[in-house]
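One structure is given here, and the rest of the page talks about it.
Letters A, B, ... are given to chains in the order of the sequence lines, protein chains preceding strands, and every chain is numbered from 1.
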2 protein chains.
Amino acid sequence: MGENRRILFKLESTGAEQSVDVPPGESLLEAAKRAGVALDAPCGGSGTCGKCRIKVLAGDVKGGQSRHIAPQEFADGWRLACESYAESDIAALVPDTASAWQRSIRVDGSDSIRGNAAFRELLGELEAMGLKPDSGLSLTRLALDPPSIDNPMADRERLLQKLERQTGMRADVALYALCKLPSLLRQADFSVCCVLRRETAGLTVLDIFPGGAAPVIAGLAVDIGTTTVSALLVNLLSGDILASASAGNGQIRYGADVISRIIESGKSGGQERLRRAVTDECLVPLIVRLCEAAAIPGEQIYRAAIAANTTMTHLFLGVDPAYVRLEPYTPAFFESGPLSAAALGLPLHPDAEAAIAPAIGSYVGGDITSGVFASMMFKKPEISLLIDLGTNGELVLGNSEFLMSCACSAGPAFEGGDIGCGMRATDGAIEACAVDRKTMAPQCTVIGGQKPLGLCGSGLIDLIGELFRCGIINARGKFVKEGNRIRRDEWGGAAYIAAFADESADGREICLGESDIDNFIRAKGSIFSAIQTLLASLDFDYSVIENVYVAGGIGSGINMRNAIRIGMLPNLPAEKFKYIGNSSLHGAYSMLVSSEAAAMIEQTGRGMTYIELSTHPGYMDELVAACFLPHTNGALFEYIE
Amino acid sequence: MGENRRILFKLESTGAEQSVDVPPGESLLEAAKRAGVALDAPCGGSGTCGKCRIKVLAGDVKGGQSRHIAPQEFADGWRLACESYAESDIAALVPDTASAWQRSIRVDGSDSIRGNAAFRELLGELEAMGLKPDSGLSLTRLALDPPSIDNPMADRERLLQKLERQTGMRADVALYALCKLPSLLRQADFSVCCVLRRETAGLTVLDIFPGGAAPVIAGLAVDIGTTTVSALLVNLLSGDILASASAGNGQIRYGADVISRIIESGKSGGQERLRRAVTDECLVPLIVRLCEAAAIPGEQIYRAAIAANTTMTHLFLGVDPAYVRLEPYTPAFFESGPLSAAALGLPLHPDAEAAIAPAIGSYVGGDITSGVFASMMFKKPEISLLIDLGTNGELVLGNSEFLMSCACSAGPAFEGGDIGCGMRATDGAIEACAVDRKTMAPQCTVIGGQKPLGLCGSGLIDLIGELFRCGIINARGKFVKEGNRIRRDEWGGAAYIAAFADESADGREICLGESDIDNFIRAKGSIFSAIQTLLASLDFDYSVIENVYVAGGIGSGINMRNAIRIGMLPNLPAEKFKYIGNSSLHGAYSMLVSSEAAAMIEQTGRGMTYIELSTHPGYMDELVAACFLPHTNGALFEYIE
């Protein structure tokens with residue numbers, strides 16, 4: 001046995017340094033995990049995804065060479081952390097791009113919130129259903145008589161007496177408001193403005209402000225995705241969005257999919273590590289940034305609504321998800337009553353409650369029940385299909401009479417995971433792409449209009465669809481043409497260069513290799529075969545489907561025609577498709593602004609049924625057939641040019 | 001200006017060391033306060049009480065000589081911290097006896113709980129009123145069907161379905177129980193035992209155990225006195241006491257009375273310092289010790305009930321008490337809804353609720369409303385007088401028709417504060433004493449049967465009563481005889497030696513000086529004059545009083561005859577007096593075991609009226625007249641020998 005080595009990680013993003021001792025045989029990725037240094041590793045450290053890049057600054061490192069590291073980069077000290085081992089004490093730079101959550105906390109103020117229009121539309125739909133914004137919170141102004149020697153009634157009782165007279169309801173004062181009460185009453189000459197919450201037993205005064213103030217009553221809507229966490233700060237009285245933000249899920253260093261996370265959570269201390277990775281490292285800074293953008297303190301967030309898949313919900317609540325993946329696939333809970341946001345570790349008002357979207361099974365979680373609500377498919381007479389392209393794919397088929405769901409392990413390809421040049425649909429992502437059949441040159445649309453950094457899901461669909469349309473790749477995704485955009489490497493693999501080093505934003509080539517295409521084909525195949533199986537189980541075919549709602553972080557630029565061309569979506573007329581973005585977040589928003597909507601989502605979830613695909617006869621055959629471009633049964637896609 | 005000095009405090013109790021830098025002119029007591037070193041200073045650092053003794057081990061100290069330090073002690077390095085200043089870096093020993101809370105956390109297991117009989121009697125009285133132990137908590141056993149592939153319902157929903165069928169009530173699972181649920185269900189073969197709490201909206205599953213377990217459902221009753229904190233661990237289903245404990249209130253280093261504490265809380269960070277002094281330093285270790293004694297974890301304490309005076313309640317909740325002492329004497333709250341024990345910093349079950357006894361005014365707090373309940377005077381037709389001899393004195397006069405209360409600032413003498421040799425009624429305290437008229441020798445009864453350490457309240461009453469009866473002191477409390485038990489010091493004061501150095505437990509003389517007697521006479525005078533004023537305000541005299549309940553930490557050995565002799569209690573037949581101990585803790589116990597009792601205490605509080613003595617005409621004259629042994633109007637005590 002050799003001796004321990006000391007590793008010093010320097011974070012490019014913050015300049016912070018962190019050290020850890022490693023025993024011989026432990027990779028630098030493992031060391032980073034133990035040190036709490038956030039390094040993305042969607043492939044779980046198997047050397048395939050190429051995301052865990054670090055730059056060795058001092059000391060000797062063994063290994064780390066990879067097709068993901070160009071020779072010049074290798075000479076400059078770049079290594080894959082998962083395949084590198086310290087031969088001496090070393091210092092290594094962790095670049096911004098190696099950590100999704102550190103790199104890309106993205107905050108928009110209310111003026112520039114993308115999709116603000118979508119939420120306004122949703123608000124309109126809620127109102128059309130008779131659901132006005134009503135989260136149980138309200139603002140009431142009270143003018144009290146000041147105390148005197150003849151009337152030395154205590155502040156709390158003075159306040160409640162007035163409040164109960166004014167509202168006709170019993171009321172109580174929460175501890176936080178009680179602590180503010182004596183000095184605030186006197187500063188404000190006994191004229192105050194109370195933030196109230198309606199409860200079963202009466203009203204609770206959550207907060208108190210001077211009578212002349214117009215405090216914002218804010219709420220927090222969150223979607224905890226396996227790859228990405230998104231959050232909205234909302235004015236609860238109007239439904240207006242005050243700020244929005246998203247970041248990578250810090251758990252990604254433990255692997256891209258929920259199964260890797262469940263396995264990690266079974267290790268000693270793993271559950272708490274994963275809870276912290278999403279809460280302390282991700283949600284807490286997101287909330288801080290949202291509050292900064294909206295210029296309100298966290299204490300003014302009085303309610304939260306959270307949608308996530310079943311495993312993410314378990315880990316966020318600190319509940320063991322082990323039995324989610326063990327037969328008979330039993331989660332610890334489908335629903336949960338309102339929980340204390342403070343107990344969940346969120347820096348909101350100490351008495352804020354968090355509503356959690358209900359799950360219906362181990363692999364159909366609150367992200368889907370809230371998505372079903374946001375799509376409004378649950379109240380339409382015609383049959384709709386909801387496809388949520390997250391790290392897993394989940395499908396729901398149904399209408400106001402029935403709702404049937406299933407899940408398939410599509411992997412993180414639609415969110416850019418498991419793809420060398422993949423990234424989330426944020427600034428720098430190629431979101432659409434056409435390829436010239438002759439020159440093979442691409443014409444790309446990049447989010448934010450800048451030079452490209454990588455490809456998001458919609459860009460991948462376009463590029464693979466175009467490469468196939470142009471005959472550059474075959475039905476198995478293998479390159480069958482040569483040219484200046486095609487490069488073959490020493491391992492025999494080929495890749496398409498979507499951007500040369502001098503065309504990209506960070507000076508690194510953006511190229512799509514055969515293993516990337518392979519990963520993507522498996523992902524799209526699992527979606528398509530799931531749709532086929534779901535329909536077949538009901539003796540339906542495509543023709544019954546009136547609406548296809550595509551949700552998820554794949555990018556709003558998704559070209560449905562190309563998605564059909566590669567055999568990912570069913571061959572239906574274009575007007576039946578609608579990209580609805582992050583429907584999980586839309587559902588969380590609905591739960592947040594309307595308690596009735598929250599109750600409705602719970603009710604809808606109870607009525608949904610679930611098909612377990614892995615044990616469903618025929619699914620595996622469907623999957624194998626779908627792992628071609630577009631499919632072994634070309635007839636399914638015959639009208640596509 | 002001189003330079004800063006470094007002070008190293010060594011704690012005799014734990015061996016711990018703590019350092020702090022002091023600027024010139026800062027006393028060692030101030031330095032100890034800043035360093036968080038617990039030194040009692042009931043006189044607030046004015047040099048009069050003699051409690052803040054430290055022993056200088058190294059370095060030079062200026063000052064600290066005092067009548068409280070014998071010449072030999074001074075030579076050995078003993079000083080009063082409040083009057084000592086560092087001339088160099090120094091090291092000082094903090095003896096156990098210098099810190100009430102460190103010295104005297106006292107825990108009794110259930111076998112040896114003093115006063116256990118009193119609680120059994122109280123339980124009997126509650127039952128006679130139709131109040132069975134019912135704190136809303138119960139234990140229910142459930143046998144669930146294990147999940148299967150055909151019935152993969154989540155654990156929570158599986159549990160709740162069975163529970164709702166069995167009880168006919170809606171139910172929810174608290175987060176703590178949810179976290180335990182998946183592994184426990186499987187360990188226990190789906191046969192479990194649930195701890196339930198009844199709420200307005202239904203049942204909450206607070207905790208879960210294997211079906212065969214018989215977990216204790218424990219509750220915590222607390223009396224937070226200005227000087228002493230007492231707590232009981234109670235079996236909530238039977239009402240049995242599992243363990244009891246008491247300790248000095250850590251806030252005592254900021255002064256003995258509530259006014260000093262309010263002033264300290266107004267300083268920067270003072271409120272939080274005081275909250276920590278009682279919670280982190282005192283209640284938390286008490287709870288830990290109680291749990292050890294009863295061999296249960298803190299998480300099995302599901303409910304708490306707390307009684308305290310108005311200022312202590314404010315400080316415990318973290319609410320500014322400033323307006324308690326400013327005209328028009330308005331507390332921030334009289335009542336509070338059930339509060340989260342976790343939010344109050346108590347290491348109980350995370351969902352445990354704490355009920356706080358209601359106050360009725362700035363100086364009549366929850367200790368008194370709960371005392372009124374414990375005495376049962378509020379439901380008797382005859383008129384009773386409750387006298388609570390805490391750090392303040394509070395009185396309640398009344399019956400089932402009316403209850404009138406007042407408070408007087410008696411100071412801490414009855415609990416041994418402000419008296420050089422004073423101590424609480426714990427082991428080593430002289431609780432009763434007779435003096436031989438000829439030899440002047442005392443005959444003492446010591447709690448625990450050991451050698452004496454000091455005098456508790458009842459011992460002080462006896463000794464002063466005896467010294468007066470024997471003509472050793474006069475009506476002004478001055479010594480008028482000489483003898484081997486009487487010593488005159490260089491400052492002209494005289495003292496009575498109750499125990500010579502070789503007779504005491506710690507080798508220090510126990511002596512009662514004229515300034516001690518003076519403090520005691522002011523304390524007893526303020527009680528007596530308050531009784532007089534209360535009666536006069538109703539045009540009553542003594543004859544209407546059928547029961548006198550004496551409560552507080554004065555000690556169960558109180559000799560009512562001697563208390564009358566010195567003019568502290570009214571001259572009524574002995575059979576009308578009853579010492580009821582810590583009635584505040586008895587009330588907290590009642591609130592804990594019976595939710596109905598808690599509601600009744602709230603109702604009783606709302607019906608009580610309060611007289612402000614300080615503005616009451618005639619009170620000052622009464623007080624002056626009562627500051628003699630026994631009184632300027634001897635006729636009031638004429639039947640006493």
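- Nearest heavy atoms, P331(B) versus P152(A): CD-O, 4.2 Å.
- The distance from atom CD1 of I149(B) to atom OH of Y329(A), rounded to the nearest 0.5 Å, is 6.0 Å.
- The CG atom of L175(A) sits 8.5 Å away from the OG atom of S336(B) when rounded to the nearest 0.5 Å.
- Listed by first then second residue, pairs satisfying salt bridge (Lys or Arg N to Asp or Glu O under 4.0 Å) with a partner in residues 313-327 of chain A number zero, not counting sequence neighbours.
- Between E335(A) and E157(B), the shortest heavy-atom contact is N-OE2, 2.8 Å.
- Here the straight-line distance linking atom CZ of R156(B) with atom OG1 of T330(A) works out to 15.5 Å at 0.5 Å rounding.
- Taking S183(A), G318(A), S362(A), P328(A) one by one and counting their heavy-atom pairs under 4.5 Å with chain B, the maximum is reached by P328(A).
- The candidate from T204(B), T200(B), L160(B), L317(B) with the greatest count of non-hydrogen atom pairs under 4.5 Å with chain A is L317(B).
- Annotation: maximal heavy-atom pairing with chain A below 4.5 Å, among E612(B), R186(B), R158(B), K180(B), occurs at R186(B).
- When the candidates L185(B), L178(B), L181(B) are compared by the number of heavy-atom contacts under 4.5 Å with chain A, L178(B) comes out ahead.
- Counted within 6.0 Å of CZ on R170(A), heavy atoms from surrounding residues, nucleotides or ligands total 12 or fewer; the atom is thus considered open.
- Every residue two or more places apart in sequence or in another chain was checked for a ring pair (Phe, Tyr, Trp, His ring centres under 6.0 Å) with F334(A), and none qualifies.
- Annotation: maximal heavy-atom pairing with chain A below 4.5 Å, among A174(B), P321(B), C179(B), P182(B), occurs at P182(B).
- Along residues 340-361 of chain A, the residues that come nearer than 4.5 angstrom to chain B, judged on non-hydrogen atoms, are A343(A), L344(A) in order of number.
- No other option in P146(A), A322(A), A201(A), S148(A) has as many heavy-atom pairs under 4.5 Å with chain B as S148(A).
- The ring pair (Phe, Tyr, Trp, His ring centres under 6.0 Å) check on F333(B) picks up H314(B), with sequence neighbours excluded.
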